[in-house]
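Below is one structure, written out as structure tokens; comments come after it.
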Amino acid sequence: MDVHRCRFVPYQPSAINAVAFSRPKTKSAKHGALARLAIGRANGDIEIWNPFSGAWLQELVIRGGKDRSVDGLVWVNEPDQDLGEGRTVIGRSRLFSIGYTSTVTEWDLEKGKPKRHASGQHGDIWCIAAQPQGDKPQPAGASSLQEGQNSNKLIAGTIDGELVMYSLEEDDLRFQRVLVKSPTKKAQMVSMTFQSRKVVIVGCSDSTIRAYDIKNGHLLRRMTLGSDLIGGSKDIIVWCIKCLPNGNIVSGDSTGQVCIWDGKTYTQAQRIQSHKSDVLSLTTSADGLAIMSGGMDRRTILYKQNAGSGQRWGKVWGRRYHDHDVKTMASFEQGRISVVVSGGPDANLNIVPLKEMGRENHRMMSNLPQQPPITSASKARFIVSWWEREIHVWVLRKSVADLHESAGEAADLNQNRKLLKTIVVKGDSNISSATINQEGTLLFVSTGTDVKAFQLQHQDPVKGSDVKLSSISLPAKLSQLGASHVKLSPDGRWLCVIQEGSRVLMASLMVSLESKLVESPALSVKLQRLSRLRRQIPRYILNGGLGSYDRSITHVTFSADSNMIAVADLAGYIDTWISRGREQTLHNGSQEASMEADAADDASDSDSSSSEGEDNVTADSQDRWIRNPNAKLLPKLPASPVVLSFSGDVPATGSSVKADAPDDYILAAVTSSWNILAFHPRHGALTPWSRRHPRKALPGPVQDLLDLPKGAMWQGSRMWLYGVSFLLMLDMGQNLPVSSDVEGGDSQLTHGIKRKRVGPSTGAGGRTKQGILAPHQIRKHGAGDECEDIDIVERPQVDESESDDDMPDVVDGLSKQLSLTNGNDTIVQTIESATDRPKKWWITYKYRPVLGIVPLATTSKDLEVAVVERPSWEVDMAESFFSGEEWER
């Protein structure tokens, strides 16, 4: 494989302003499976992560827009409903956000869009909290009075010192009334939490903490923190506040102190000077035995209560996990998982162990998205990337082989790339997806509100010709709802659009020859709605918790001949369709039955807009898609898919059939639990290779990977998987070496692979090498500060013959490597060695962090790709207000 290492593609991650778990502490496994983490960023994006089983999968990204910011998030869980006979409908989870405006927004996770907005006659909202609910499930026939007494409210604090209430009754969001008005407007409401269902605790900017009765708005108690230290501000700002299960209050303020308050007398019980600058975030464990704080000094500190007569709190751990302020944090405990997640301006999500602090490493999730915002036009050698509302089109002129022939000419490396076009999409919404055909002439871009098309006219951009850009008008039925995913087929004839999360729309494309000569070319579009299989899901399960959110489609892929398409959703269901013109060998009865089933499903679809795509369906049977007759035979994946890809093998039909020709496609799916499954979709069965290789038969280093794969490429029978920190090759034409971990495996066939077993993780990193740290080993300030912030992570020991970790000059059986470096670009050429026995699998950690890998055209038999890296040192961050004790070169 020939590799171009590219670091010129722009992508600026956005700061994390808010994090919130839908169910911080879970009652049962069912509730734990429904727990989600919401992350709000400064560019308006909202990310939904699944922490279940410690995989930390980024399931959904709801794109923001121009001048939008998410500065606060809160989940509201409705009461569980008891249906009797042991059946319980789990209460629905609703997500709300604020953005330092006077508006509260509720989000529709099923469609990935805002559901409703509400605002009142008050100032900008700075903090928000949800009223806690009771633990008793509601009976099925509960009266409206009982539901009203159990309904939740949203309480918000404003910049003008007002306390306002929003009602959530009857599945609505509306402003109800102003609870408290500030006569002087001097005290801004900065932080908020509920002590009980009727009492809310508010941290203010005038050195006070106030307790209010939300029933009538009466002030119950006013707690004061006094004045700041000498030379400091006159007023102390209470940036964060939490309540322990016993009712006691914990606050963090601008003096760097964490204060403990008695929840009954509202008096200060203890004051801890823990940070050297403002305390910005707080969280507590579910049992109230641990407190964690994050500050402007980048430190994260753990406190525990001493066992004694005074039961005073003390610091037991402190460390710098972030490169900037620790602006927000939240805890999550479910089963064996016990972690705290935190974020800030460095845009990285850090996962820190809570119960096992000091005995486990932390884990830093990359700020790069799970689904890479990058694609390529392989025949034109274009690289297309997008970020917020901008699209960049680059060209790599020379192949790796041509660059090595002119290795002595430094100018060739500088001139090998060229930025052809920068497109700024009109509107306020950020780009959610983009796709380009292989010739680089047709580009589609989608946002949450629109789908746009562009034509790129060029002769030979590799040799330096200009590219002319023109906009193409699209039918309103294709563009008006926006799209979460757009995907062009390899031949450029089909465009698959995913609308409102789970609606599949197929468009037949044709650009007329006359329109290519005018500035605004016309595109002939014929639409067809593809109906998905109806799964037998109990109604009480479907309507509980997150509703049909898990049916949201996350992956779309076409076969190499563009005659088959597959989509996969979060629940693990795969739907496949076949172009009717391709399936001439299928039995006519199967075709008719499939078409009748499609028509019946379309007619009975509950979606009110289901018939919109049927108006322009072409009458040509060759341009119609039908459901794969054996689509029902494909099993549900064991976990959510992270990769879905067709191989390059295409089954031959008619007179072109050969003896060694494949009789079916190969559809590969990789799940968040690292199950690698390969299917024959037309037969509805697993491939023989997949049957022989369950997860426990994969190589040890693959099983030990924490990062999830982001994409796949094919080179014959080889599947190349990549993640943010690795590049992995698996040859599906050969059996993998038998590992000693497999029951009955021969240890002599492990090829020197050594796996060191470690104890189960609690959701963060693995166990530390030194185990429990002594007190003198805890994080200290002083010389060598930069070295003490690094956790010791044990990477699995891999035989050098199977790994490229040390990057030797010759990797037996795989490649020979040569590097050319100039500035930010490194070109690496890999040449197959003369060894007769090819590698069965191979892994390297050389490339990191990987934004994406896209294929490029090549005249040789080798695969040529562009690896787009985004090093952390190239990320621009705002200057920190506190810069004490930072390492300086």
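What you are looking at is a predicted structure, and each value in this text was computed from that prediction instead of being measured. Side chains included, hydrogens not; waters and symmetry mates left out as well; all remaining heavy atoms used.
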Just how far is it from atom CG of L442 to atom CG of L495, taken to the nearest 0.5 Å?
8.5 Å
Judged by atom type as modelled, is there a donor-acceptor pair below 3.5 Å linking the side chain of S433 to the main-chain atoms of H485?
no
Locate the shortest heavy-atom distance separating V341 from L37; write the atom from each residue and the value.
CG2-CD1, 4.1 Å
Check the pair D569 / S552 against side-chain hydrogen bond (donor to acceptor under 3.5 Å, both in side chains), numbers first and verdict last.
CA-CA 5 Å; D569 57 25; S552 301; over 6 Å; no
Within a strict 4.5 Å, meaning less than it, do heavy atoms of the V339 and W56 side chains meet?
yes
Just one of T671, L57, L721 clears the side chain to side chain contact (heavy atoms under 4.5 Å, CB included) bar with V642, so which one?
L57
Decide yes or no on side-chain hydrogen bond (donor to acceptor under 3.5 Å, both in side chains) for S484 and S432, but give the supporting numbers first.
CA-CA 6 Å; S484 57; S432 58; over 6 Å; no
Check ion pair D731-K840 (N to O, under 4.0 angstrom):
no
Between R848 and R870 (side chain of the first, backbone of the second, donor and acceptor by atom type, cut-off under 3.5 Å), is there such a pair?
no
Restricting to non-hydrogen atoms, name the atom on I48 and the atom on A38 that form the minimum distance, rounded to 0.1 Å.
CD1-CB, 4.1 Å
d(W720 CH2, S645 OG) to nearest 0.5 Å is 14.5 Å
Would you sort out whether L644 and V556 count as a side chain to side chain contact (heavy atoms under 4.5 Å, CB included), showing the intermediate values?
CA-CA 7 Å; L644 187 71; V556 181; over 6 Å; no
Below 4.0 angstrom, N of the basic side chain to O of the carboxylate: do K846 and E869 qualify?
no
Whether R381 side chain and K398 backbone form a donor-acceptor pair below 3.5 Å
yes
May I ask you to test the N735-H693 pair for a side-chain heavy-atom distance under 4.5 Å?
yes
Nearest-0.5 Å distance that lies between atom CG in N367 and atom OG in S14:
10.0 Å
Hey, is the main chain of G112 close enough, under 3.5 Å, to the side chain of R63 for a donor-acceptor pair?
no
Partners meeting side-chain hydrogen bond (donor to acceptor under 3.5 Å, both in side chains) with W394 (sequence neighbours left out)
none
I843 vs L727 side-chain heavy atoms within contact, under 4.5 Å:
no
Tightest non-hydrogen contact, residues W577 and W625, listed as O-CZ3, 3.7 Å
Is it true that D575 and R535 make a salt bridge, defined as a side-chain N closer than 4.0 Å to a carboxylate O?
yes
Quick one: do L349 and M364 satisfy side chain to side chain contact (heavy atoms under 4.5 Å, CB included)? Show the steps, please.
CA-CA 6 Å; L349 180 71; M364 186 183 72; over 6 Å; no
Would you kindly say whether N348 and Y321 are connected by a side-chain donor-acceptor distance under 3.5 Å?
no
For the atom pair CZ (F52) and CD1 (I337), what is the distance rounded to the nearest 0.5 Å?
7.5 Å
Mind running side chain to side chain contact (heavy atoms under 4.5 Å, CB included) on V567 and T554 for me, showing each step along the way?
CA-CA 8 Å; V567 301; T554 57; over 6 Å; no
Test side chain to side chain contact (heavy atoms under 4.5 Å, CB included) on I351 and M365 and set out the steps.
CA-CA 8 Å; I351 304 172; M365 309 302 294; 3.7 Å; yes
Between Q371 and the options Q58, K710, H555, the side chain to side chain contact (heavy atoms under 4.5 Å, CB included) test singles out H555
Any heavy-atom pair between the side chains of N630 and P681 that's under 4.5 Å?
no
Side-chain donor-acceptor pair present, W494, S562, cut-off under 3.5 Å:
no
Taking T435's backbone N and O only, do any of them form a donor-acceptor pair with T375's side chain (distance below 3.5 Å, no angle check)?
no
Contacts of K379 that satisfy salt bridge (charged side-chain N to carboxylate O under 4.0 Å, His left out) - sequence neighbours left out:
E439
Show the nearest heavy-atom pair for residues Y845 and P701, with the distance to one decimal.
OH-CB, 4.1 Å
Any donor and acceptor pair, going by atom type alone, linking the side chain of D664 with main-chain N or O of H683 inside 3.5 Å?
yes
Where the side chain of K636 meets the backbone of I574, is there a donor-acceptor pair that is under 3.5 Å apart?
no
Considering only NZ, NE, NH1 and NH2 on the basic side and carboxylate oxygens on the acidic side, decide whether R36 and E59 come within less than 4.0 Å.
yes
Looking at side-chain heavy atoms only, is the closest gap between T576 and I565 below 4.5 Å?
no
Are the side chains of V504 and C496 in contact, using a 4.5 Å heavy-atom criterion?
yes
Lys/Arg-Asp/Glu bridge criterion (N-O < 4.0 Å) met for R682, D663
no
Output yes when a side-chain donor or acceptor of S376 lies under 3.5 Å from a complementary backbone atom of P855, and no otherwise.
yes
Does W714 reach the main-chain N or O of F646 with its side chain, forming a donor-acceptor pair under 3.5 Å?
yes
For W49, give me all partners under ring pair (Phe, Tyr, Trp, His ring centres under 6.0 Å), at least two apart in sequence or on another chain.
none
Closest non-hydrogen atoms of D561 and D491, given as atom of the first, atom of the second and distance, are O-OD2, 4.5 Å
Quick one: are Y665 and H680 in side-chain contact, heavy atoms under 4.5 Å?
no
Nearest 0.5 Å, what's the OG-CG distance between S640 and N50?
6.0 Å
Looking at Y722 and P372, what are the two nearest heavy atoms and their distance?
OH-CG, 3.4 Å
Under the 3.5 angstrom rule, does the side chain of R41 hit a backbone N or O of E47 as a donor-acceptor pair?
no
Using 0.5 Å steps for rounding, measure from the CG atom of L546 to the CG atom of L109.
6.5 Å
Check whether any side-chain heavy atom of Y11 lies under 4.5 Å from a side-chain heavy atom of S385, and answer yes or no.
no
